[in-house]
Amino acid sequence: MALTVLRGLMNRDISRAAIGLRKMASEAENSIYQYESLKVSQVPNHIIHVEINRPEKRNAMNKAFWREMVLCFRAIAEDASCRAVVISGAGKMFTSGIDLFDLGSDFLQQQEDDPARIAWNLRKKISDYQETFSVIEKCTKPVIAAVHNACIGGGVDLLCACDIRYCTQDAWFQVKEVDLGLAADVGTLQRLPKVIGSRSLVNELAFTARKMMSEEAKTCGLVSRVFPDKASLLSAAFELASEIASKSPVAVQGTKVNLVYSRDHSVQESLDYMASWNMSMLQSQDLLKSAQAAMEKKTPKDVIFSKL
């Protein structure tokens, strides 16, 4: 009797310890993604949801945002449990763009008198801000943008760095920078022509700062699908992320790397890079698992792929 009680107590303590360890591991994992301007949540099926979280400021991009986006996506890139990302905006709109009140001092109040030193420091700051969106492109996990209502200025820069773009019917897009007296300098002028393919349309949007509504955005290829409201938009974005995450991470992430590479290189250079890439990746166990599943008439969702 006493032995039975003792075993029961030991099993209970072991169970509590296991629960405690799991809780600590979960808290440690979540603490990686604690930010001031972003709300990051880990969704089932290996998905991470990144939400621009300044709804009271219309999700304007303040200093914290520009810094935290880099930290966040570098962490996501190293997170072996993540296979797909959805990025959206909290509140009434996706983003109103740059927070001029917060960032103005960085560019208007210079600490130097010498024009060369002012230019040197400005170039470094611009490069730092460019990395805020380039880091999305460098992250090998596919990133799905879910845009509702306004996507202004820096929001278009962010959007162009994402892999897949969805929006709501009330969404609109604006390359706003010329109205602020500057040329867009963190990615739109470099990526948008390759996203929508029409140099004439890109020039029109960038020279005039006119709004592009959701219907036109879909027609020109800026977004691939349009949804009635934010709820259906997010539902579709997570469904797509889940579909992507169900496939081999070696295959999916290798595909993203090579798509980005091929955009900026010739066909032959991209083929050579692909051959070098796959000479090692074709040795993955994922290929054998996928082939076996196909022969057994199973889907990729029936295959358990290791973390990457």
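Just so it is clear, the structure is predicted and the values come from calculations on it, not from any experiment. No hydrogens, no waters, no symmetry mates; every other heavy atom, side chains included, goes into these values.
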**Asked** Taking only residues at least two apart or on different chains, which pairs with a member in residues 172-182 satisfy side chain to side chain donor-acceptor pair (under 3.5 Å)?
**Response** K176-D179

**Prompt:** How close do L159 and A145 get, heavy atom to heavy atom, and via which atoms?
**Reply:** CD1-CB, 3.5 Å

**Item:** Test applied, side-chain hydrogen bond (donor to acceptor under 3.5 Å, both in side chains); reference residue, D128; option that passes from K124, Q130, K125
**Value:** K124

**Request:** Considering non-hydrogen atoms only, spot the tightest contact between A146 and V86 and give its length.
**Result:** CB-CG1, 4.5 Å

**Message:** I'd like to check C82 versus V85 (side-chain heavy atoms, cut-off strictly below 4.5 Å). Are they in contact?
**Reply:** yes

**Asked** Hydrophobic cluster mates of Y261, side-chain heavy atoms under 4.5 angstrom, ILVMFWY only, any path?
**Response** V250, V257, Y273, M274, W277, M281, L308

**Message:** Donor-acceptor check, side chain of R165 to backbone of C162, threshold 3.5 angstrom: yes or no?
**Reply:** yes

**Message:** Would you say that K298 contacts V303 through its side chain, given a criterion of any heavy-atom pair below 4.5 Å between the two side chains?
**Reply:** no

**Item:** Flag, side chain of E296 to backbone of A293, donor-acceptor distance under 3.5 Å
**Value:** no

**Asked** Quick one: do the S134 and E131 side chains pair a donor with an acceptor below 3.5 Å?
**Response** no

**Item:** Side chain proximity check, I244 to V252, heavy atoms < 4.5 angstrom
**Value:** yes

**Request:** Show your reasoning for whether side-chain hydrogen bond (donor to acceptor under 3.5 Å, both in side chains) applies to N53 and Y35.
**Result:** CA-CA 9 Å; N53 193 34; Y35 304 109; over 6 Å; no

**Asked** According to the side chain to side chain donor-acceptor pair (under 3.5 Å) rule, which pairs have a member within residues 211-222, sequence neighbours left out?
**Response** R210-E216

**Fill in**
d(W120 CH2, D114 CG) to nearest 0.5 Å is 12.0 Å

**Message:** Please check: side-chain N/O of N59 versus main-chain N/O of G91, any donor-acceptor pairing under 3.5 Å?
**Reply:** no

**Request:** Verify whether one side chain among T168 and D229 offers a donor that lies under 3.5 Å from an acceptor in the other.
**Result:** no

**Request:** Say whether, by atom type as modelled, one donor and one acceptor occur between the side chain of D163 and the main chain of V143 under 3.5 angstrom.
**Result:** yes

**Euclidean distance, M212 CE relative to L201 CG, rounded to 0.5 Å** = 4.5 Å

**Request:** List the steps, then state whether side-chain contact (heavy atoms from CB on, under 4.5 Å) holds for S200 with E204.
**Result:** CA-CA 6 Å; S200 176; E204 178 188 337; 5.5 Å; no

**Asked** In Å, rounded to the nearest 0.5 Å, how long is the span from CD of Q169 to OG of S232?
**Response** 8.0 Å

**Prompt:** Hey, is the main chain of L103 close enough, under 3.5 Å, to the side chain of N62 for a donor-acceptor pair?
**Reply:** no

**Request:** Please round to the nearest 0.5 Å and tell me the distance separating atom NZ of K301 and atom NZ of K247.
**Result:** 7.5 Å

**Prompt:** Any side-chain donor paired with an acceptor under 3.5 Å for T299 and D302?
**Reply:** yes

**Message:** For the backbone of D286 and the side chain of S290, can you confirm whether one donor and one acceptor N or O come within less than 3.5 Å of each other?
**Reply:** yes

**Message:** With side-chain contact (heavy atoms from CB on, under 4.5 Å) as the criterion, how do V50 and Y33 come out once you've worked through the C-alpha distance, each side chain's angles and the decisive distance to 0.1 Å?
**Reply:** CA-CA 9 Å; V50 178; Y33 298 111; over 6 Å; no

**Asked** Do I98 and L158 share a hydrophobic cluster, counting only Ile, Leu, Val, Met, Phe, Trp and Tyr and linking them when any side-chain heavy atoms are less than 4.5 Å apart?
**Response** yes

**Asked** Y166 and S224: which non-hydrogen atoms are nearest, and at how many Å?
**Response** CE2-OG, 3.3 Å

**Request:** Go through D79 and K141 one step at a time and tell me if the salt bridge (charged side-chain N to carboxylate O under 4.0 Å, His left out) criterion holds.
**Result:** CA-CA 10 Å; D79 189 339; K141 320 299 171 67; 5.8 Å; no

**Asked** Does the side chain of F173 come within less than 4.5 Å of V147's, by heavy atoms?
**Response** yes

**Request:** May I have the step-by-step check of side-chain contact (heavy atoms from CB on, under 4.5 Å) for T208 and V178, ending in yes or no?
**Result:** CA-CA 7 Å; T208 66; V178 291; over 6 Å; no

**Prompt:** Do the charged groups of E137 and R191 touch, with an N to O distance under 4.0 Å?
**Reply:** yes

**Prompt:** So, Y129 and D185: side-chain donor and acceptor under 3.5 Å apart, yes or no?
**Reply:** no

**Item:** Donor-acceptor contact below 3.5 Å, side chain N45 vs main chain S242
**Value:** no

**Asked** Looking at I32 and A75, what are the two nearest heavy atoms and their distance?
**Response** CG2-CB, 3.9 Å

**Complete:** Heavy-atom nearest pair, K307 first then A80, reads CB-O, 3.6 Å

**Message:** For a 4.5 angstrom cut-off between non-hydrogen side-chain atoms, does F73 reach F133?
**Reply:** no

**Message:** If the condition is salt bridge (charged side-chain N to carboxylate O under 4.0 Å, His left out), which residues does R67 pass it with, not counting sequence neighbours?
**Reply:** none

**Asked** Could you state the interatomic distance from SG (C139) to NZ (K256), rounded to the nearest 0.5 Å?
**Response** 5.0 Å

**Request:** Hydrophobic side-chain clustering at under 4.5 Å (ILVMFWY, transitive links): who's grouped with L282? Put none if nobody.
**Result:** L287

**Hydrophobic cluster membership, L222 vs F227, 4.5 Å side-chain cutoff** = no

**Fill in**
For R83 and P142, the nearest pair of non-hydrogen atoms, with its separation, is O-CD, 3.4 Å

**Under 3.5 Å: donor-acceptor pair, side chain of H148, backbone of K230** = no

**Prompt:** Tell me, do T188 and V202 make a side-chain contact under 4.5 Å, heavy atoms counted?
**Reply:** no

**Item:** Selection residues 88-102 - residue pairs positive for side chain to side chain donor-acceptor pair (under 3.5 Å), sequence neighbours left out
**Value:** H49-S88, R54-D99

**Asked** In Å and rounded to the nearest 0.5 Å, what is the CG to OG1 distance from L259 to T255?
**Response** 6.5 Å

**Message:** Would you say V195 ends up clustered with L240 if hydrophobic residues are merged whenever their side chains have heavy atoms under 4.5 Å apart, either directly or through other cluster members?
**Reply:** no

**Request:** Before giving the answer on side-chain contact (heavy atoms from CB on, under 4.5 Å), spell out for F94 and N149 the whole-Å C-alpha distance, their side-chain angles and the decisive distance to 0.1 Å.
**Result:** CA-CA 6 Å; F94 185 70; N149 202 271; over 6 Å; no

